[in-house]
Amino acid sequence: MKTDHSPAGLQAYRGELLYFTDDPALSDHAYQWHEDGLLLVEGGLVRAAGDHAVLAPGLPPDTPVHDYRGRLLMPGFIDTHIHYPQTDMIASPAAGLLPWLETYTFPTERKFADQQHAAEVAGFFLDELLRCGTTTAMVYCTVHPESVEAFFDASEARGMRMAAGKVMMDCHAPDYLCDDTDRGAAACEALIRKWHKRGRQMYAITPRFAATSSTLQLRLAGELAAAYPDTFVQTHVAENRDEVAWVKSLYPEARSYLDVYEQHGLLRERAVYAHCIWLDDADRARMAHTGAAAALCPTSNLFLGSGLFDFARADAMGMQLSIATDVGGGTSFSLLQTMNELHKVARMGGSHLTALRMLYLATLGGARSMRLEGCIGSFGPGNEADFIVIDPQATPLLQRRSAHADTLEERLFALAMLGDDRAIEATYIAGTLRHRRNGTT
Ligand code: GUN
Ligand code: ZN
């Protein structure tokens, strides 16, 4: 663990500022950009963000000013779907989702019955997120309560705002990963009571997917979601054609895969559904109407050959969207790399995603999906000061391409296509420096 440099008083950070106030697809005034900007942070919160020329004269004379001129300061990235226990099996070769789960995922997750192993992986995982500029994530643990304890301990030690939960699965998986249905739900409730809203930790009710939960388990998950309405819900839906057919055979009476979840009370605000590839418009309308959000996982969808997310239909139906890595189905921890592939997925469907929209999805879009706007994902006064310093000169190629950009969009687009962990110069958590590239904090 890195040491804590938590500045007590007012701190000022000078650089180019960019943050969002709305979805650029919906508004022409969706972002704030200050070429020579100043971010004021006090007590872990944003106090103000604006032009240096406007804010600097009002600063008390002894205010420390951290000079990040030439770099871009943004709210930390929010990854709305990721599996920490899959860190050690990222980039495993398999012919699609279901063989990948059986051959690599389940045996790897088995090891998380051991809390010490879980703690070691959780520490590496969170440090990797920090290196990539991700400050909040919605995280799957394993079926073992020990994996959740280890994760929240590690997140709390770093001061990070994280949502995580014990995976619920009680059928169609190896015995060693299956819950006792009632005891599993009781374990989830105990974890909610212990961890939900303890400091910055938040609980996510996590049925793995409809295929590995009995109807009783989905019902118990829905009851928890109703009893604790400010917890999160996270699961997978309509990722892969074979999976969709499997769920259809298990729940023949449901109108659709998504409908299985709706029938069990799992479609609501603060529910984040990964993938959403093989939905129809009735499903999309239900997501938009209930306030459930989609987590788009392009590196995973391409890697596992699952399919291409349909932006045009999602936007037409008004779905709330966010972006996610889905490690270890996804192939990178970096949301910049993920934007690169998101853009290509959109292109294959005839849509164009601007860099501004992709950066929105990775910040305020994620916060809105979690109903955490006003808390994280932007630089409005009172937001928690999770922010990143991005270096547009991080590599020779990025430097060269940035120098040839004529507009802000072109420059940001080059960053989204060419950037990765190397572009993250520093990551601050609630005003505390937690990662500095090529150095210790
Ligand atoms: N569906 C059920 N479990 C998983 C998982 O671990 N990863 C992905 N990508 N899809 C799933
Ligand atoms: Zn996943």
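Order of appearance sets the numbers: ligands from 1, and atoms from 1 within every ligand. Remember, predicted model here, so these are calculated numbers, not experimental data. Reckoned from all heavy atoms, side chains included, excluding hydrogens, waters and symmetry mates.
- Only the side chain of Trp100 comes within contact range of ligand 1, with a heavy atom under 4.0 Å; no backbone atom does.
- In this structure, the side chains of Asp23 and Leu321 stay at 4.5 Å or more apart for every pair of heavy atoms.
- Near Asp326, with a cut-off below 4.0 Å to any heavy atom, the atoms of ligand 1 are 8 (C), 9 (N).
- Between His236 and His83, the angle of the ring planes stays under 30°, which puts this pair in the parallel group of the 30/60° scheme.
- Between Thr105 and ligand 1, a contact under 3.5 Å exists for no N or O pair.
- Annotation: atom 3 (N) of ligand 1 to nearest protein heavy atom, Arg208 NE, 2.8 Å.
- What sits closest to atom 10 (N) of ligand 1 on the protein, heavy atoms only, is Glu239 OE1, 2.7 Å.
- Atom numbering of ligand 1 starts at 1 in the shown order; those under 4.0 Å from a heavy atom of Phe209 are 1 (N), 2 (C).
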Query raised in the report: Going through the distances and angles, do Glu156 and Arg200 end up as a side-chain contact (heavy atoms from CB on, under 4.5 Å)?
Result: CA-CA 7 Å; Glu156 189 170 66; Arg200 303 189 84 200; over 6 Å; no

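- Between the OD1 atom of Asp326 and the NE2 atom of His81, the angle centred on the Zn ion (ligand 2) amounts to 90° when rounded to 10°.
- With a cut-off of 2.8 Å, the Zn ion (ligand 2) has no N, O or S atom of His275 in range.
- Within the 4.0 Å heavy-atom shell around ligand 1 one does not find Glu243.
- Classification of the Tyr68-Tyr13 ring pair by plane angle, with boundaries at 30° and 60°, yields parallel.
- With sequence neighbours excluded, the residues satisfying side-chain contact (heavy atoms from CB on, under 4.5 Å) with Val121 are Tyr84, Thr87, Asp88, Phe112, His117.
- Contact check on Asp127 versus Arg158 returns a salt bridge, with a Lys/Arg side-chain nitrogen under 4.0 Å from an Asp/Glu carboxylate oxygen.
- The ligand atoms of ligand 1 that sit less than 4.0 angstrom from a heavy atom of His275 are 9 (N).
- With ring centers used as reference points, Phe333 lies under 6.0 Å from Phe125.
- When only modelled atom types and interatomic distance are considered, Ser256 and Asp283 share a side-chain donor-acceptor pair under 3.5 Å.
- Taking the N/O/S atoms of His83 in turn, the shortest distance to the Zn ion (ligand 2) belongs to NE2.
- Proximity of Leu97 to ligand 1, defined as any heavy-atom pair under 4.0 Å, is confined to the side chain (atoms from C-beta onward).
- Not one N or O of Glu109 is nearer than 3.5 Å to an N or O of ligand 1, by distance alone.
- For Asp280 and Arg286, the salt-bridge test fails: no basic side-chain N is under 4.0 Å from an acidic carboxylate O.
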